[in-house]
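Values in this document were obtained by computation on a predicted structure and should not be read as measured data.
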Amino acid sequence: MTGPASDAIVVDHLSKQYKKLRAVDDLSFTVRSGRVTGFLGPNGAGKTTTLRMLLGLVTPTSGNATIGGERYTELHDPIRHVGAVLEASSAHRGRSGRNHLRMICRAAGLPDSRADETLELVGLTPAGKRKFKGYSLGMKQRLGIAAAMLGNPQVLILDEPANGLDPEGIRWMRDLLKALAAEGRTVLVSSHLLGEMQVLADDVVIVAAGKLVRQGPVDEVLGSMGTTQVRVRTPQAAELTTALSALGATVAPQADGSLLVGGAEAAAIGHAAFTASVELHELVAERGDLEQVFLQLTAGMAGIR
Amino acid sequence: MNLINAELFKLRTTAIWWIMGIVLLPLYAASVLANWAQFASTSPDQVSDPDQAEQVRAALEPINVATTLYTSGQYFGILIVLLLSAIIVTSEFFHLTATATFLVTPKRESVILAKFGAAVIVGVLVWLLTTLLNLIVVPLIMNNLDLSSQLGEGAVWRAIGLNLLAFVLWAVLGVGLGVLIKNQLAATLILGIVYVVGTSAIGLIFFLLTQYVAQWFENLQVLIPTTASQLMISGTELPGNPPRWVGAVVLIGYAVVAGFFGTWLTKRRDIS
Ligand SMILES: Nc1ncnc2c1ncn2[C@@H]1O[C@H](COP(=O)(O)OP(=O)(O)OP(=O)(O)O)[C@@H](O)[C@H]1O
Ligand SMILES: [Mg+2]
């Protein structure tokens, strides 16, 4: 088993040209082991293309992508090392989910029993013998995750795995991915569910129009962009506004009667209210969330190309 | 070996193999009956052209009757093997399982090689099935035609062996063509139609070329794959035909070209 440091994913000046479209454009980032990394970007940003290049399914026009220092196609026993769930990946309509997994086991030289174990892991055992064409979207997604887990891999790469999962399923997947990362594995997961990513991811890589926009720990990315504002509720809005303006803070009255204050810490606002004898009903510091930051960062680059 | 096992498992776990089996059996029965009827009703005296009469006389020699009968079912058996071999490849794209397959085995030439292996095994199995049935049924027919079973003749066993070679080569050809025509519907339609109608259509073209352009075009007829495999197994030498190793060489040539080109193409292709 390889050490945690060697299981990093390194994308190095990767590009893919489709006819006139540069789907991925000189993209570089790294994904560390022991953490969940969110791979975010608007539709058509090149996420799927990047992941497919990483997995040796699509040939890059230029650049390199390695997992633990090796290209996927050079890995000795790839599915024991890397598990992947990709969109537009599927199973034969007429084959049962269990047989789909067994077929992978046979090709990889894994025992058939792994198929049943991973079916159990994703909660698909009752439907294991049913044909794939009868599966719901969420069941198909779970089968994909089961396939990825067959080789008990050290690295997991998932393209929108939450697609079609019910709330219980999303929570189950969050717990699973977090637990896997906590064991020191590398987890790279693309998603459009930014609320979910904010809870799940330790790091984010944000791309737009094929290029890297931002990469780093979620907290850092949020901190660098999220202009912290403070929401204040008071029956004496006019007095508080005067007092805060004197401090150089900006005050924006909201439709629900609260005030959004920028340029002042919650403590300073509380102090100003106290000295001005203004009664406060609510005083909450509001962090910009991932969705806000994402929209700011990708503004103007989000159009479908 | 794991990979060939996986390919056979893929085939086994879907409906395609028994559908093809159900299609094959009546077609096999029909070919046996047709062969029987033909030998029961033809005689060289009915033919006026002396050259043709010579051919018919040769074809009616007991040994040639035997080789034809003991390889009954070749025409449709090979058609089924051809289609199955192509489907072994095209279904990966049709059902979007190529992603899973190439994730397990990123070395694509290994996957294609395994598909060649699996297709060859399918070819051998279909050959085995038709040959076993022939060995049971044909002695009875020979008896009915007042001929001995001819099973002591080396030529019969050679024909059966060459029939096997034909099945194997067509299986390889099917995989190669499946890679080239990646669309499942297109592949089955094109291969099926070309196999069934193509022989006579291309034969007609060759006939016209021979008649109006140059006589030597006749010798190129063997380039039609179906003609080549017919020639390869056609018992002892019939007058007016090229030697049968030519048929074998032509078929092997096609199989090798389709195999290499198919592998090369699969390695280059983006899977998305
Ligand atoms: N095989 C292909 N041929 C031509 N263009 C392609 C191909 N695959 C992807 N593209 C284009 O490349 C761009 C990036 O596509 P990609 O699927 O990587 O985006 P994505 O970030 O995964 O988007 P989404 O969030 O919608 O899944 C798109 O504009 C797409 O149309
Ligand atoms: Mg995508």
Side-chain angles (χ1 to χ4, degrees), chain A residues 16 18 23 48-49 51-61 70-80 82-110 112 131-133 140 143-144 147-148 150-151 153 157 159, chain B residues 1-22 84 87-118 121 178 182 184-185 263-272:
Chain A
K16 179 69 185 183
Y18 283 120
T48 300
T49 308
L51 297 183
R52 284 190 172 264
M53 286 194 280
L54 183 55
L55 293 165
L57 295 168
V58 167
T59 317
T61 308
E70 282 188 276
R71 288 200 201 142
Y72 187 83
T73 49
E74 290 163 357
L75 290 175
H76 175 57
D77 215 350
I79 77 156
R80 287 176 207 246
V82 181
V85 181
L86 289 174
E87 59 175 19
S89 133
S90 183
H92 193 292
R93 286 169 50 77
R95 192 179 285 135
S96 72
R98 183 157 171 259
N99 278 339
H100 175 71
L101 297 177
R102 284 182 162 199
M103 151 202 127
I104 298 174
C105 287
R106 304 242 163 150
L110 294 165
D112 276 357
K131 287 189 176 165
F132 185 73
K133 64 181 165 199
K140 290 178 182 170
L143 185 67
L150 280 173
I157 294 170
D159 199 1
Chain B
M1 245 21 239
N2 277 346
L3 291 181
I4 296 182
N5 181 351
E7 289 301 330
L8 291 173
F9 184 80
K10 287 179 195 177
L11 210 53
R12 246 189 14 245
T13 48
T14 57
I16 191 76
W17 70 269
W18 59 260
I19 292 177
M20 288 299 194
I22 287 179
L84 266 177
I87 288 172
I88 286 178
V89 181
T90 55
S91 72
E92 296 269 6
F93 298 99
F94 187 67
H95 294 283
L96 302 175
T97 51
T99 295
T101 299
F102 289 130
L103 279 179
V104 189
T105 319
K107 296 202 170 45
R108 299 192 192 166
E109 60 273 27
S110 313
V111 174
I112 297 296
L113 225 54
K115 289 189 185 294
F116 280 125
I121 290 176
K182 165 171 103 152
Q184 176 135 308
L185 195 63
T263 310
W264 176 78
L265 206 63
T266 314
K267 279 183 72 92
R268 288 179 35 109
R269 229 173 230 162
D270 282 346
I271 309 296
S272 56

Arg52(A) and Thr99(B): side-chain donor and acceptor closer than 3.5 Å? yes

Between Thr59(A), Asp77(A), Leu75(A), who has the most heavy-atom pairs with chain B when the cutoff is under 4.5 Å? Thr59(A)

Based on non-hydrogen pairs under 4.5 Å, which of Ile4(B), Leu3(B), Thr105(B), Leu103(B) is most in contact with chain A? Leu103(B)

Measure distances from Arg268(B) to the heavy atoms of chain A and classify the residue's part below 4.5 Å as side chain, backbone, both or neither. backbone

Donor on one side chain, acceptor on other, Arg108(B) and Thr266(B), under 3.5 Å: no

Output the option from Thr48(A), Thr73(A), Asn99(A) having the highest count of non-hydrogen pairs under 4.5 Å with chain B. Asn99(A)

Less than 4.5 Å to any heavy atom of chain B: does that hold for the side chain of Lys133(A), its backbone, both, or neither? neither

Side chain, backbone, both or neither: which part of Ala108(A) has a heavy atom under 4.5 Å from chain B? both

Pro78(A) to Pro106(B) - nearest heavy-atom pair and separation: CG-CD, 3.4 Å

Determine, step by step, whether Phe9(B) and Met103(A) satisfy the side-chain contact (heavy atoms from CB on, under 4.5 Å) criterion, reporting the C-alpha distance in whole Å, the side-chain angles of both residues, the deciding distance to 0.1 Å, and the verdict. CA-CA 6 Å; Phe9(B) 184 80; Met103(A) 151 202 127; 3.6 Å; yes

By the definition side chain to side chain donor-acceptor pair (under 3.5 Å), identify the one residue from Thr101(B), Thr97(B), Asn5(B) that meets it with Lys10(B). Thr101(B)

